[in-house]
Amino acid sequence: MKSFDETEWARTKSALREHLSSPRLHDGDLVNSRVVEEINQQPQRARPETVSLRWLAWSGACSLLVAAGLTALVLSEHVGWRSDTDFSSQVISARAELPNLSVSEFQAPDQRGVVLWVEGANYIPAEVSVK
Amino acid sequence: MRHRLAAAVLLFTVAPPGVHAAGDRIWGALVLATIENSATPVPESLKELAPAIKKIFGYNSLYLLGEKKRDLFLGSERWLVPTKEFFFKVRCLSQELTSYLLRIELYREKNLLVTTEAKLAKDAPLYIRGPQWGRGLLIFVLEVR
């Protein structure tokens, strides 16, 4: 059983079909050609994919540059580009604690080591154990 | 590709040579240096240091009388006793990226012989010329390893 609204709607549709008709175009081809021409004259919009890819490439390259710069900065502060003396030992101060002793220091030749030269220590006979 | 990435990461994370890392230790040794007609074989733990010791002190044979290792860290104070007769007291005063500043006291039994403050870089030893013993010379070696 159809409802009242559906019946009314069907009646309205048939009335519209009878009395409402689209106007006919007298120069359909002309209108069509003008529309096509208008479309062609419009400036072509940039393709969003291309712009996006280029933007991505540039931002990636810039990020790499920034990362390299920061890495160089941090490494230079914490690790590197140090002189050989940073990897060599050195005596800051030295003193003999017994009056008969004297000390002097010098860098080990061709080495990164350092030598503390103690003079005046008593001779220890071979019979005395030092172990 | 994965291996290359791992290698790159490793390159950035591994400390360069000479830069100290956690777990550094101070090694102390007492060495007897003598002049022999034919040089004796160098003890294993002195292999790397032997050329320098021979060049500095002018002896051709080395004997290891004792050695000891201790952990090294900022503020540490350690007795380093390579032999009962001679030993060190080592205090770590400060720590830099490539070296440690140490106060080192050299004792013979209860007698303090020498006090020194030295900046010791890794694998760059401190040699201390000691007394003559018998027909040789006692040499003390301290090294951060």
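What you see is a predicted model; the values in this text were computed from it and never measured. Letters A, B, ... mirror the listed sequences (proteins, then strands); counts begin at 1.
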K.L.:
Just how far is it from atom CD of A:Gln107 to atom CD1 of B:Ile56, taken to the nearest 0.5 Å?
P.N.:
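Those atoms lie 10.0 Å apart.
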K.L.:
Are A:Leu116 and B:Val114 packed together at the side-chain level, in the sense that at least one heavy-atom pair is separated by less than 4.5 angstrom?
P.N.:
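The answer is yes; the side chains approach within 4.5 Å.
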K.L.:
Is chain A contacted by the side chain of B:Lys84, its backbone, both, or neither, given a heavy-atom distance below 4.5 Å?
P.N.:
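Contact with chain A: backbone and side chain both.
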K.L.:
If you compare all heavy atoms of A:Ser129 against all heavy atoms of B:Glu85, which two are closest, and at what distance to 0.1 Å?
P.N.:
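That would be O-OE1, 3.6 Å.
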K.L.:
Drop me the distance from A:Trp117's CH2 to B:Arg129's CZ, to the nearest 0.5 angstrom.
P.N.:
5.0 Å
K.L.:
With a sphere of 6.0 Å drawn around NZ of B:Lys68, does it hold more than 12 non-hydrogen atoms of other residues, nucleotides or ligands?
P.N.:
no
K.L.:
Test B:Leu101 against A:Ile92 for side chain to side chain contact (heavy atoms under 4.5 Å, CB included), laying out the working first.
P.N.:
CA-CA 9 Å; B:Leu101 179 62; A:Ile92 308 297; 3.8 Å; yes
K.L.:
Indicate yes or no: at least one non-hydrogen side-chain atom of A:Leu98 is less than 4.5 angstrom from one of B:Arg108.
P.N.:
no
K.L.:
Would you say that more than 12 heavy atoms from the other residues, nucleotides or ligands in this model lie under 6.0 Å from the CZ of A:Arg34, or not?
P.N.:
no
K.L.:
Does A:Pro125 offer a backbone N or O that forms a donor-acceptor pair with the side chain of B:Trp133 under 3.5 Å?
P.N.:
yes
K.L.:
Would you say B:Arg91 has more than 12 foreign heavy atoms packed within less than 6.0 Å of its CZ?
P.N.:
no
K.L.:
For the pair B:Thr116 (side chain) and A:Ser93 (backbone), establish whether a donor and an acceptor sit closer than 3.5 Å, ignoring hydrogens and angles.
P.N.:
yes
K.L.:
Any idea which heavy atoms bring A:Glu97 and B:Thr115 closest together, and the distance?
P.N.:
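Smallest heavy-atom distance, with atoms named: OE2-OG1, 2.5 Å.
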K.L.:
Would you mind checking which part of A:Val103 comes under 4.5 Å of any heavy atom in chain B, side chain (CB onward), backbone (N, CA, C, O), both or neither?
P.N.:
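Answer is side chain: those atoms of A:Val103 sit under 4.5 Å from chain B.
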K.L.:
Given the rule that I, L, V, M, F, W and Y join up when any side-chain heavy atoms are under 4.5 Å apart, are B:Phe140 and B:Tyr127 in one cluster?
P.N.:
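No: no chain of side-chain contacts under 4.5 Å links B:Phe140 to B:Tyr127.
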K.L.:
Identify the two heavy atoms, one from A:Asn122 and one from B:Pro131, that lie closest to each other, and give their separation to 0.1 Å.
P.N.:
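Nearest pair, atom of A:Asn122 first, then B:Pro131: O-CB, 3.4 Å.
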K.L.:
In Å and rounded to the nearest 0.5 Å, what is the OG to OH distance from A:Ser89 to B:Tyr100?
P.N.:
12.5 Å
K.L.:
B:Thr98 and A:Phe87: which non-hydrogen atoms are nearest, and at how many Å?
P.N.:
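Heavy atoms only, the tightest pair is CG2-CE2, 3.4 Å.
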K.L.:
Looking at A:Asp29, I want to see if its CG is surrounded by more than 12 non-hydrogen atoms of other residues, nucleotides or ligands under 6.0 Å.
P.N.:
no
K.L.:
In terms of heavy-atom proximity below 4.5 Å to chain A, should B:Leu30 be classed as side chain, backbone, both, or neither?
P.N.:
side chain
K.L.:
Under 4.5 Å from any heavy atom of chain A, what part of B:Leu138 do you find: side chain, backbone, both or neither?
P.N.:
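For B:Leu138, the contact with chain A is made by the side chain alone.
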